Amino acid sequence: MSIKEFAKGYEPHEVEKRWYAYWEKEQLFTAEDQSPQASYSIVIPPPNVTGVLHMGHALNNTMQDILCRYRRLRGDNVLWMPGTDHAGIATQNVVEKNLAQEGTDRHQLGREKFIEAVWQWREKYGSAIINQLKRLGASCDWGRERFTMDKGLSIAVRKVFVQLYEEGLIYRGNYIINWCHRCHTALADLEVEHEEHDGHLYHIRYPFPDGSDGIVVATTRPETMLGDTAVAIHPEDPRYQNIGHDTVLLPLMNREIPIIKDSYVDMSFGTGGLKVTPAHDPNDFEIGARHNLASLKVISDNGDMTAEAGSYEGLDRFECRQAVVKDLDQQGLLIKVEPYKHSVGHCYRCKTVVEPNLSKQWFVRVKPLAEKAIAAVKNGETKIIPDMWTNTYYDWMYNIRDWCVSRQIWWGHQIPAWTCGDCGEIVVAMEAPQACQACDSKNLVQETDVLDTWFSSALWPFSTMGWPQETPLLKTFYPTSALVTGFDILFFWVARMMMMGIHFMGQVPFKEVYVHALVRDEAGKKMSKSKGNVIDPLSVIERYGTDAFRFTLAAFAAQGRDIKMSEKRVDGYRHFINKLWNAARFSMMHLDRGYEAANLQNLSLPDKWILSRLQHVTSEVTAALDSYRFNEAAGAIYNFVWHEFCDWYLEAIKPALYDNDRRDTLESTRAVLWRVLRDTLVLLHPFIPFVTEEIWHHLPGTDGSIMKAVHPVDAAESNRHQKAEAEMALLMEVITAIRNVRGEMNIAPSLSLQVQVQSDDRHTRKICQAHQDLIINLARLSSLTVENPGQRPKSSATAVVNSASIFVSLEGIIDFAKETQRLERAIKKLAAELTTVAKKLENEGFLTKAPADVVEKVRQKQSALLEKQQKIQTNLDKIKEVEA
RNA sequence: GGGCGGUUAACUCAGCGGGAGAGUGCUACCCUCACACGGUAGAAGUCGCUGGUUCGAACCCAGCACCGCCUACCA
């Protein structure tokens, strides 16, 4: 390997392009339909086909990719199922906007042509997000990519709809739903975003028919009064026990409406009178049902007032509000208007204020499905991680209400229901029926509504694997191993997949659900286009490289905490990638072949030590990844690479590598260096796939892709060299102590020092003696002597490590004042520590109640501290003597 | 209204019953033959507040304060 081929700095872009193409060409992401290996599977949360990659996707898919690559390296047969979601409303909106620019609209085109236009749009732009996922390094099995509107998935949707209908779990009815006037469709309760608004509370007097006082009601939406069909009071409200009237006169409309008694009314709110508008309020709808009230729809599906609104017909709903208020005021019926904060529902797709509206829709009866989905989590078939989401899941499932699944748009799965034009019979079937089941009429019209997009994505874990056919893929990979998703779609998607998976597959869709946090901006604010604080993942990738970006995401992905992202942080981890690159670059200068078969006996201390530390970090990384603690895995390996491998190991072995006279140590050290670098690359590969693959191909003795390597096994603590770790720790402390003296005494790094170590501990002396080259080299010494305690070398600065006193000879350059100061500071620090330790040991309770090993540990600490303090004190005294 | 999370070094965050940690930033010195996207060393914290449990609390419990989020049929 020539250094020329190894650039001084890592340049990601060309490397990323090259290796991604290579992985795809070599089919390294492909899962086997059947395999003797253990199966591991994840289905991707399908991004909207209209989407562009945002930070949430980047985090979500980086995590999945880490897990999948990790499992492949462990030898599993891994399926990461990719695909996109047809995103009914969102996609329709986008295409409609395009049409508007061309001066046309979907109604001019007609349904069929419009759908065609959407498919064309998808052909053209639908792969954008897929390509962006590839930039991120996602190792999905692209050959199996699915789309929720694909033929196979559409069959699954129909099958599910028909079966649920036959089981009585889907029904059609006239109910209050949330209506978006802009998207012109019903929305499920979940699809409504509530937001606090500063509004007004209007108090309106509804007089009795004879014109007397009447009842005062309060409302935030006065325009709905036009559709009132009753006024309700609480049956026990003392204020209304003797009113002597059964009706009031609805102002503006001059309609007599009944006064009804219903315990839903809150007596403590306002005057205790409640206007009832069954067609425009969910509560009122229920009250209306209880009291057989008529429902008058005064707001149309377009958002303007209907003929039922009398003279207000045709006004926009908000204009109408102004008009109604003005008219009431003129008639003296507006008692007062007060500012009022209340929450207003908005469409989650277009942010328009939604209106509760009476409408004929299709619903899924979810209670029975939810019960099983609750049970599956209760009995552990599916585990939600972190656990805090479990309660949120239960809470929602327990309070679940029927799911409105019909949407009045064109882009989506058309509901497989046909109405007979002659007898009104409804036929629900997989295929268009030839004739009406009831009257044999051929006059059948298919339902024009389509299904909620989430209806099809609820089937994703099995529909993508070929269901309703019994495919080998399902057998191998269902239930999936894990689902990785953000909490924002816990209800939308996760809960519904649970219900559908259990109902149709008889098994939960995933064994574990890892719920991750949100990516926010630097200030912790949610990223949004309107705030202008979005960071585009692709621009981050452009600037810093995919690996640096991925490692940043992993490093900050602590469970249960949002990630605050800034480019500065990515830059920090770019340094890490570069560090790794240069460590490899250095290593390559000394490795000309593979050392797979090398005999690793008779190793030097640093060699034994680094192998032991490698073992340790392997345990840490595997344990962390097995429990979705991505940040801990990333942190562990970061520390290992930078601070153990680079800072200590590479520095420690340099003499051996450059010493051509000692072929034996040279070769064994090279072998260890090779082994450690190789395993480190494999450990790192799931996090930073590109740079590790690139280095892998520079590393002699490797064959093919790093993706085919074997992940270092977690052989637990048994392979640790405890002795080597302890010895190395001692040497590191000695070296650090000497460096500390150098730093604090302001001695030029170029000046070689003479050092004497004195210790009455034979073991300490032996280790320092045996590894004096290491100390000399790493602490930049000209000489090192190791002695029994004795005469203190003249003009020296001192440090104490364990039982050893370290004398750094500073003949001619010692600054006694500085040294005195330094030692006094050290003693002061020790004294503080000794106080806390002594306090413990003087505490009777501690001595009797604390575990023996804890007490023993504190005792040992005390004696160590005392010894150290005393040694430093002695040195301090000596200096003062000399000085005096 | 109900629930959840957060509050630890200047910043970002780990730690969650027995020695207050990391990264970034900061200070000093250094272009030492992998890396200045670097090296060596250093300074820096009543672990939000108040009580309680415990021999021992950043960590467990209760209350409070302030942020953030989710949820809800409060007209």
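Convention: sequence-line order gives letters A, B, ...; per-chain numbering from 1. All values reported here derive from a predicted model rather than from experimental measurement.
- Arg739(A) comes within 4.0 angstrom of the backbone, heavy atoms only, and of no base.
- Between Phe492(A) and Tyr348(A), the angle of the ring planes stays under 30°, which puts this pair in the parallel group of the 30/60° scheme.
- Side chain of Ser863(A) to main chain of Gln860(A): a donor-acceptor pair is present (N/O by atom type, distance under 3.5 Å, no hydrogens or angles).
- For Arg321(A) and rA75(B), the CZ to C1' distance is 13 Å, given to the nearest whole Å.
- Of the P atoms belonging to rA22(B) and rG15(B), the separation is 15 Å, rounded to the nearest Å.
- When the nucleotides rA75(B), rG23(B), rC37(B) are ranked by their closest atom to the side chain of His643(A), rG23(B) comes out on top.
- Atom pair Lys579(A):NZ and rA34(B):C1' shows a separation of 8 Å (rounding to whole Å applied).
- Each of Ala584(A) and Gly743(A) lies near RNA chain B, and the nucleotide nearest Ala584(A) is the one positioned closer to the 5' end.
- Rounded to whole Å, atom C1' of rG38(B) lies 14 Å from atom CZ of Phe586(A).
- Between Phe491(A) and Trp396(A), the ring planes lie parallel to each other; the angle is under 30°, not in the 30° to 60° tilted range.
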Would you tabulate the pairs of protein nitrogen or oxygen atoms and nucleotide nitrogen or oxygen atoms of nucleotides 26-29 of chain B closer than 3.5 angstrom?
none

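- Nearest nucleotide to the Tyr638(A) side chain, out of rA34(B), rG23(B), rG19(B): rG23(B).
- Nucleotide rU7(B) holds its C1' atom 15 Å from the CG atom of Asp562(A), rounded to whole Å.
- Of the candidate nucleotides rU12(B), rG23(B), rC35(B), rU12(B) has the atom lying nearest to any side-chain atom of Arg569(A).
- Between Asp571(A) and Lys568(A), no side-chain nitrogen of the basic residue sits less than 4.0 Å from a carboxylate oxygen of the acidic one, so the salt-bridge criterion is not met.
- For rA36(B), its base never sits under 3.5 Å from the side chain of Lys8(A) at any donor and acceptor pair.
- Comparing the C1' positions of rA41(B) and rU46(B) gives a spacing of 28 Å, expressed to the nearest Å.
- When each of rA34(B), rA41(B), rG15(B) is scored by its nearest atom to the side-chain atoms of Asn740(A), the top-ranked nucleotide is rA41(B).
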Interface polar pairs with nucleotides 16-18 of chain B, N/O, under 3.5 angstrom:
none

For this session: Would you write the dot-bracket representation of RNA chain B, where each base gets (, ), [, ], | or . depending on whether it forms a Watson-Crick or G-U pair under 3.5 Å and with which partner?
Result: (((((((..((((....[..)))).(((((.......))))).....(((((..]....))))))))))))....
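- In this structure, the nucleotide among rG42(B), rA43(B), rC4(B) sitting nearest to the side chain of Met388(A) is rC4(B).
- Checked against Ile541(A) for a side-chain contact (heavy atoms from CB on, under 4.5 Å), the options Val570(A), Thr546(A), Asp547(A) give a single hit: Thr546(A).
- For Arg859(A) and rG19(B), the CZ to P distance is 16 Å, given to the nearest whole Å.
- In this structure, Arg401(A) contributes its side chain and Asp189(A) its backbone to no donor-acceptor pair below 3.5 Å.
- Judged by distance alone, with hydrogens and angles left aside, the side-chain atoms of Trp674(A) form a donor-acceptor pair with the main-chain N or O of Pro700(A) at under 3.5 Å.
- Taking atom C1' on both nucleotides, rG45(B) is separated from rA58(B) by 11 Å, rounded to a whole Å.
- For Lys568(A) and rU24(B), the shortest distance from a side-chain N or O to OP1 or OP2 is not below 4.0 Å.
- Atom-to-atom, CD of Glu844(A) to P of rG56(B) comes out at 13 Å; the value is rounded to the nearest Å.
- Across all strands, Thr392(A) comes closer than 4.0 Å to no nucleic acid atom at all (heavy-atom distances).
- The gap from the C1' atom of rC16(B) to that of rC11(B) amounts to 23 Å, rounded to the nearest Å.
- In this structure, Arg205(A) and Leu333(A) have side chains that are in contact, with non-hydrogen atoms separated by less than 4.5 Å.
- With hydrogens and angles left out, the side chain of Gln559(A) and the base of rA14(B) share no donor-acceptor pair within 3.5 Å.
- A donor-acceptor pair is defined here as one N or O able to donate and one able to accept, closer than 3.5 Å; no such pair exists between the side chain of Thr220(A) and the backbone of Leu201(A).
- The distance from atom CG of Asp647(A) to atom C1' of rG38(B) is 10 Å, rounded to the nearest whole Å.
- rC66(B) and rU27(B) have their P atoms separated by 38 Å, with the value rounded to a whole Å.
- For the P atoms, the distance from rC67(B) to rU8(B) is 15 Å, rounded to whole Å.
- Comparing rU32(B) with rA14(B), their C1' atoms sit 34 Å apart, to the nearest whole Å.
- The side chain of Ala218(A) lies closest to rA75(B), out of rA75(B), rA41(B), rA34(B).
- The nearest whole Å value for the distance from the NE2 atom in His200(A) to the C1' atom in rC74(B) is 18 Å.
- Looking at heavy-atom distances under 4.0 Å, Ser750(A) makes no contact with the nucleic acid at all.
- Checking Tyr264(A) against Glu833(A), the closest nucleotide of RNA chain B that is more toward the 5' end is the one next to Glu833(A).
- Using a distance-only test at 3.5 Å, with no hydrogens or angles considered, a donor-acceptor pair links the side chain of Asn582(A) to the main chain of Asn578(A).
- OP1 or OP2 of rG39(B) sits under 4.0 Å from a side-chain N or O of Trp642(A).
- Of all nucleotides listed (rC33(B), rA75(B), rC13(B)), rC33(B) comes nearest to the side chain of Tyr658(A).
- Between the His13(A) side chain and the Glu11(A) main chain, no donor and acceptor come within less than 3.5 Å of each other.
- Between Tyr340(A) and Phe269(A), the ring-plane angle classifies as perpendicular under the 30° and 60° cut-offs.
- When each of rC37(B), rA34(B), rU40(B) is scored by its nearest atom to the side-chain atoms of Ala583(A), the top-ranked nucleotide is rA34(B).
- Arg825(A) and Glu744(A) are joined by a salt bridge, as a carboxylate oxygen and a charged side-chain nitrogen come within less than 4.0 angstrom of each other.
- Within the 4.5 Å cutoff, the side chain of Phe551(A) has heavy atoms near those of the Ile637(A) side chain.
- In this structure, Phe285(A) reaches neither bases nor backbone, as no heavy-atom distance under 4.0 Å exists between it and the strands shown.
- Taking the P atoms as reference points, rC47(B) lies 23 Å from rG5(B), given to the whole Å.
- Asp228(A) and Tyr206(A) form a side-chain donor-acceptor contact under 3.5 Å, judged by distance and modelled atom types alone.
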